[in-house]
Structures are given as C-alpha cells and as structure tokens.
Amino acid sequence: MGVAWRSLIAPVSVARFFQIFLSCTAFSLVASVNGYTGSYGVWCMFTWCFCFIVSVLIVVLEVTEVGPRLPLSWEDFTSAFAMLATLMIFTTSIMYPSVFLTDSCKGHSCACKGSATAISILCFMAYALEVGLTRAKPGEISGFLSTVPGLLKVFEAYVACLIFSLLNYHQLYSTNSGRQWCMAVFCICFIITVLIIVLTIGRLLTSLPLPFDKLLIGYNILAVLMYLSAAIVWPIFCFKDNPRPSPCSEYPCLWDNLLGATFLTYINLVAYIVDLVYSTRMVFFTTQA
C-alpha cells in the first residue's frame, strides 16, 4: 500500500482541508458554549461533526490509496458526499442563526455562535467548491453522480428528507386522502432516487434488466408527473378553508410547516424537470454526437 503525497496538493484536496478545518472550528465554537440545545441545535452539531468525520476519512483513504481500491465507485461516492455535505451545511448555516442568534443572545456565548455561523457559511463554500471542481465537464468520462443528473439525484433525495421532517410533526400528512397521496409521491420518489444512488455507488447498475439510461429517463418522466400531481393536490388539501392562525401559538407553527412543504414540493418538481432535460440530452444528443 503506497502513500500518494502528491494528492495532498491537488485543488480538491486543498478544498477538503478547508472543509475539515472549518467544520471542526464550527462545532468546537458551539460546543464551547453549549450552544446546541433542542432538536435544531442537535441537527446543526450533527451536520458539522458528520461532515468533519467523513471528510477526514476521505482524505486518509485518498492519501493511502485505499479508497479507489474499495469495492465501490470511489468517484461517485466522493461526488455524492460533497453534494450532500453542501446541502447539509447550507441548511445548517440558515437554521442555526435563525434559532440561536436572537435578541436575547448576548456576550461571549453570542460571539461564539455568530462566529460559528460565519465559519459554517465558509464551510458551505468549501464544499460547493469541491462540487464544482469534481463535476463532470461536457465530453468528459466520469461517474454518473458527478454529472448534473447525478448531483440532482442527491439534491432531490435531500429535499424529500426536508419535506419528511416538516410533515412529521403531528403526522400532518395523514389528515385527509389528498395529503396521503402526496406523501406517497414523496416516499416513492425518495426510495427510487436513493436506490439509484446506492446502485451507482455500489457499481450494480449493470445488474439491471434494462439499460440504465433508458430506465433513468422513464423514471424521471414518472417522477415529474407524480410531483406535478402533488404540487396541485397539496395546496388544495392543506390551505382550502385553512388560513394561517394569527397569532400562530404552536411551536413549531404547523401551518408554516405545511407552507414550507409546499415550497419544497415545487422546488423538487423543478429539480426533476431539469433532471429529465439533462438526462434526455445526455442519452439522445450526446450519444448521437
């Protein structure tokens, strides 16, 4: 087993060192003042720690040249993680100051929380830089998850997780049949999308009974139609004769959760449409060229 010291000076490795340093600094600052109470604080702390640990592991496996020898697509794994970390850190960089940097925040504790927020934003930029550096360029042979459709698969799965987290309160999805249908749409598309990611990383796409590119286009068409139906049905069954309470005394405000799930549904619909367009271009136009 060799040691690839030259890989440490590659642009991607430099970006990863920044990720490790910034994520470690962020959770250290928050931990020093115990500024991660409640479910939102725990999520933010988990995000920084998770990204730090996985980034360290990736660097170690890259330097020791063990990663490329693992029985998986190393390029797809690192591309998928970079995209996932970008989304997680981005969410945390918005969530943490919204919850913890309030009017009651004062003194040294507030300074640490504010510094952690700024560093978290820089960490997000470092992960986004890696996504940009490793994204497949036109005509370049690379793993599926480093292409635009592959990165969108990670994005779609993550947005679905955000929808689940919003609707988990008091089982907001089970009130009526319309919401139940929409929840079925979210779950079905999420499961298939995650399955595609896992099969890609595990190098199992060749075991599929049909060509992967054709299956991908077929699934994207189905996902667009299903999300389109959810985008129409969800607002009707959530907001018809259901105005926002004033004031909304619940915490979190369940009506706001329904509204957030609505926006995320439209975001994922747009993502699946863009995914379909890019996948179609890759299969039919690139292949013909």
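Because the structure is a prediction, the values reported are computed rather than measured.
If you take CE on Met226 and SG on Cys189, they are separated by 4.5 Å, rounding to the nearest 0.5 Å. Between atom CE of residue Met88 and atom SG of residue Cys123 there is a gap of 11.0 Å, rounded to the nearest 0.5 Å. The distance from atom SG of Cys182 to atom CG of Asn176, rounded to the nearest 0.5 Å, is 8.5 Å.
At least one side-chain heavy atom of Phe186 sits less than 4.5 Å from a side-chain heavy atom of Thr265. Taking 4.5 Å as the limit, every side-chain heavy atom of Cys110 sits out of range of all side-chain heavy atoms of Phe100. At least one side-chain heavy atom of Met183 sits less than 4.5 Å from a side-chain heavy atom of Phe164. At least one side-chain heavy atom of Arg179 sits less than 4.5 Å from a side-chain heavy atom of Leu258. Looking at heavy atoms from C-beta onward, Thr280 lies in side-chain contact with Leu276 at the 4.5 angstrom threshold. At least one side-chain heavy atom of Tyr272 sits under 4.5 Å from a side-chain heavy atom of Thr193. The shortest distance between side-chain heavy atoms of Leu122 and Phe18 does not fall below 4.5 Å. Within the 4.5 Å cutoff, the side chain of Ile58 has heavy atoms near those of the Trp74 side chain.
A side-chain contact (heavy atoms from CB on, under 4.5 Å) with Val59 is found for exactly one of Val63, Leu61, Val56, namely Val63.
Remark: side-chain polar atoms of Asp76 are paired, donor with acceptor, to backbone N or O of Phe144 under 3.5 angstrom. In this structure a side-chain-to-backbone donor-acceptor pair under 3.5 Å is present from Asn268 to Glu156.
Annotation for Thr134 and Ser79: closest pair OG1-OG, 4.2 Å, computed over non-hydrogen atoms. Listed here is the closest heavy atom pair of Asn34 and Thr37: O-CG2, 4.0 Å. In plain terms, the two heavy atoms of Ala116 and Ala26 that are nearest each other are CB-O, 3.8 Å.
Residue Met125 qualifies as open at atom CE: its count of foreign heavy atoms under 6.0 Å is 12 or below. Shown here is Phe263, whose CZ atom has no more than 12 heavy atoms of other residues, nucleotides or ligands within 6.0 Å.
Thr91 and Tyr158 share a side-chain donor-acceptor pair at under 3.5 Å.
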Legend entry - Pair Leu22-Phe124, side chain to side chain contact (heavy atoms under 4.5 Å, CB included): steps then yes or no: CA-CA 9 Å; Leu22 294 170; Phe124 154 72; over 6 Å; no
Legend entry - Check against side chain to side chain contact (heavy atoms under 4.5 Å, CB included), Leu166 and Leu162: CA-CA 6 Å; Leu166 289 175; Leu162 294 181; 5.6 Å; no
Inset, instruction - Could you go through the side chain to side chain contact (heavy atoms under 4.5 Å, CB included) check for Ser23 and Ser55 one step at a time? - result: CA-CA 10 Å; Ser23 58; Ser55 295; 5.9 Å; no
Legend entry - Trace of the side chain to side chain contact (heavy atoms under 4.5 Å, CB included) decision for Tyr278 with Val274: CA-CA 6 Å; Tyr278 267 93; Val274 175; 3.6 Å; yes
What pairs of donor and acceptor atoms, side-chain ones from residues 41-54 against any protein atom, are under 3.5 angstrom apart with sequence neighbours left out?
{"residue": "Thr47", "atom": "OG1", "partner": "Trp43", "partner atom": "O", "Å": "3.0"}
{"residue": "Thr47", "atom": "OG1", "partner": "Thr92", "partner atom": "OG1", "Å": "3.3"}
{"residue": "Trp48", "atom": "NE1", "partner": "Ser120", "partner atom": "OG", "Å": "3.1"}

What donor-acceptor contacts under 3.5 angstrom involve side-chain atoms of residues 198-207, with partners at least two apart or in another chain?
{"residue": "Thr200", "atom": "OG1", "partner": "Ile196", "partner atom": "O", "Å": "2.7"}
{"residue": "Arg203", "atom": "NE", "partner": "Leu72", "partner atom": "O", "Å": "3.4"}
{"residue": "Arg203", "atom": "NH2", "partner": "Leu72", "partner atom": "O", "Å": "3.2"}
{"residue": "Ser207", "atom": "OG", "partner": "Leu204", "partner atom": "O", "Å": "2.5"}

